[in-house]
Peer 1: 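Encoded as structure tokens, here's the structure I'll be asking about.
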Number of protein chains: 2
Amino acid sequence: MERFAIETRGLSGGGRVSATKLLVLGIVHLSGGAHGYQVRSELQSWGAESWAKIKPGSIYHALKKAAADGLLTEHAEPGNSGPERVLYRATARGRDEMVELVRDGLRRTNDADMLNASIAMLPMLTRTDAIAQVNERVARLEAELVVQAKWREHPNRDAPEHVRDQAELWAGHARTELEWAKSLSKRLSEGAYTMADDPGSWRTVPDHRKMRV
Amino acid sequence: MERFAIETRGLSGGGRVSATKLLVLGIVHLSGGAHGYQVRSELQSWGAESWAKIKPGSIYHALKKAAADGLLTEHAEPGNSGPERVLYRATARGRDEMVELVRDGLRRTNDADMLNASIAMLPMLTRTDAIAQVNERVARLEAELVVQAKWREHPNRDAPEHVRDQAELWAGHARTELEWAKSLSKRLSEGAYTMADDPGSWRTVPDHRKMRV
DNA sequence: AAACGTCTAGTCAAGGTTGATTAGACGCGC
DNA sequence: GCGCGTCTAATCAACCTTGACTAGACGTTT
């Protein structure tokens, strides 16, 4: 009966994939260490509350959970000016997990939040890897559109008419996403953005020169 | 400080709007009374696990919560054949709340799950009401596209380049949705679907002839 | 200089979500 | 007539999300 029990688990201790987790890990990493409020501000300036629907409350939870899972380290800092704060830094496992989350988010269809978060963290990947993941997404979307087309030819008679008509909307979204993914793949191939293996990326910048707030 | 404390609360005891709640209330109502497994099967046959991302576990919780809030009544039934079951029936408050949820889900932008669930429960509204809500949605989407266009002219310099480029994808989704909403409005005007005030709708069918499993 | 709003920084309880698990009934091949 | 898989029906603990709330510091208005 428990044939599939393990299957869905990823690199770390398990638990649901979450856009919050990815974004929090990503910002901490990009900042080369950050406290909660800093992550919160950075995400806000990226407009993440709207496209990933992240509320401040979730950020602190995600940070603590990631620290408990060994993906981040916690350093308590006495408040020299203002309240106390806790500094978080990414561990090696945290970096690996984050990269896997980005790759998965790009490759797999479904879940808009995860896709948005993955795109936001795209430069965590090398250029060739990113292109490969996006291309796999393109292939998946094309396959899904074929399935959807078949489904509309032979609709499920149990579902009411207006529910069946909803499929048009989903197909429209899938086509939009397909076009966008194709154009992203092309932009990447043409050298757009600074990826992990490009000069000037977060990876090639020495620690003391990384972004600070 | 608590100026807005009440504002977000709806008709009932409060709490977050949820696609699960709407679908569960809707199925119970449409079935003229149902137990958990029946709701689960019906949603499955509508393909709801995929488009509303509802897992069985959530359904039972939603039923109990709705019963605790007075939106449903619970009738324990001894298992004449098979395990025990609990029969749920919609109350008047449950019906009112559900209709409000559908209207809100149609009118307000954001949250794909809620929109999908609302469309699935569209025939809960009268035809004129449904058209009005969809038209308001059309207007909102058009306004949003204008805002997005302005945003792309004057992008936020704090966000990285690839995050700013993501806006193209959102705009594409918004345009897809806009076109679909317009066509839905048109179909409704032309008399498509059986709405709450049409002959043959769930509302005009006497209780004993309602769908049973 | 007391009052006021605002920014920094974070906690918390209440509630929602979910994968795993339980358990009886039922058909069916051997 | 016994084991096996499948269907019905639901429970539960672990985990995630969130709105509301706390609290110090700082500028600035009155």
Peer 1: I'd like to know if Glu177(B) and Arg137(B) make a salt bridge, using a cut-off of under 4.0 Å between side-chain N and carboxylate O.
Peer 2: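 Yes, Glu177(B) and Arg137(B) are salt-bridged.
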
Peer 1: With side chains defined as the heavy atoms from C-beta onward, is the minimum distance between Met114(B) and Arg108(B) less than 4.5 Å?
Peer 2: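 SC-SC contact between Met114(B) and Arg108(B) ruled out.
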
Peer 1: Once you round it to whole Å, what is the distance between P of dC7(C) and CD of Gln44(A)?
Peer 2: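 Those two atoms, CD and P, are 10 Å apart.
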
Peer 1: Do any side-chain nitrogens or oxygens of Tyr37(A) fall under 4.0 Å of OP1 or OP2 in dG10(C)?
Peer 2: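 For Tyr37(A), the contact criterion (side-chain N or O under 4.0 Å from OP1 or OP2 of dG10(C)) is not met.
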
Peer 1: Look at His61(A) and dC16(D) and indicate whether a side-chain polar atom (N or O) is within less than 4.0 Å of OP1 or OP2.
Peer 2: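 His61(A) to dC16(D) OP1/OP2: side-chain N or O found under 4.0 Å.
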
Peer 1: Rounded to the Å, how far apart are Arg40(B) CZ and dT8(D) P?
Peer 2: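 After rounding, the reported distance stands at 9 Å.
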
Peer 1: Whole angstrom is fine here: how far is it from CG in Leu43(A) over to P in dT18(D)?
Peer 2: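 From Leu43(A) CG to dT18(D) P: 13 Å.
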
Peer 1: dA9(D), dT17(D), dC16(D): which one has an atom nearest the side-chain heavy atoms of Lys65(A)?
Peer 2: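 Selected nucleotide: dC16(D).
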
Peer 1: With sequence neighbours left out, write down each residue that passes ring pair (Phe, Tyr, Trp, His ring centres under 6.0 Å) with His61(B), or none if nothing qualifies.
Peer 2: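 With neighbours one apart ignored, the set is empty.
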
Peer 1: If you only use heavy atoms from C-beta on, which nucleotide in dT8(C), dC7(D), dT17(D) is closest to the side chain of Ser18(A)?
Peer 2: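 Per side-chain heavy atoms of Ser18(A), the pick is dT17(D).
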
Peer 1: Hey, which sits more toward the 5' end of DNA chain D by its nearest nucleotide, Ser58(A) or Tyr60(B)?
Peer 2: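 Comparing both residues, the 5'-ward one is Tyr60(B).
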
Peer 1: Report which part of the nucleic acid Thr20(A) touches: base, sugar-phosphate, or nothing (heavy-atom distance under 4.0 Å, all strands).
Peer 2: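 Sugar-phosphate only.
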
Peer 1: Round to the nearest Å and state the distance from Leu63(A) atom CG to dT17(D) atom P.
Peer 2: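 Whole-Å distance recorded here is 12 Å.
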
Peer 1: Which of these nucleotides, dC16(D), dG10(C), dG19(C), is closest to any side-chain atom of Lys55(B)?
Peer 2: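 In terms of side-chain proximity for Lys55(B), the closest of dC16(D), dG10(C), dG19(C) is dG19(C).
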
Peer 1: Whole angstroms only, please: what is the CD1-P distance between Ile54(A) and dT18(D)?
Peer 2: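 After rounding, the reported distance stands at 9 Å.
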
Peer 1: Please report the distance, rounded to the nearest Å, between CG in Asp113(B) and C1' in dT17(D).
Peer 2: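 Whole-Å distance recorded here is 15 Å.
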
Peer 1: Does dA9(C) have OP1 or OP2 sitting under 4.0 Å from an N or O in the side chain of His35(A)?
Peer 2: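 So the side-chain polar atoms of His35(A) do come within 4.0 Å of the phosphate oxygens OP1 or OP2 of dA9(C), strictly under.
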
Peer 1: For Glu136(B), is there an ion pair with Arg140(B) - N to carboxylate O distance below 4.0 angstrom?
Peer 2: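 Yes.
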
Peer 1: Counting only side-chain heavy atoms from C-beta out, which of dC16(D), dT11(D), dA10(D) sits nearest to Lys64(B)?
Peer 2: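 Output: dT11(D).
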
Peer 1: Do you see a donor-acceptor pair shorter than 3.5 Å between the side chains of Gln148(A) and Glu144(A)?
Peer 2: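 Per modelled atom types, Gln148(A) and Glu144(A) side chains form a pair under 3.5 Å.
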
Peer 1: What integer distance in Å separates Lys21(A):NZ from dC15(D):P?
Peer 2: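 Computing the Lys21(A):NZ to dC15(D):P distance gives 12 Å.
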
Peer 1: Would you mind reading off the distance between Asp111(B) atom CG and dT17(D) atom P, rounded to a whole angstrom?
Peer 2: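 Those two atoms, CG and P, are 14 Å apart.
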
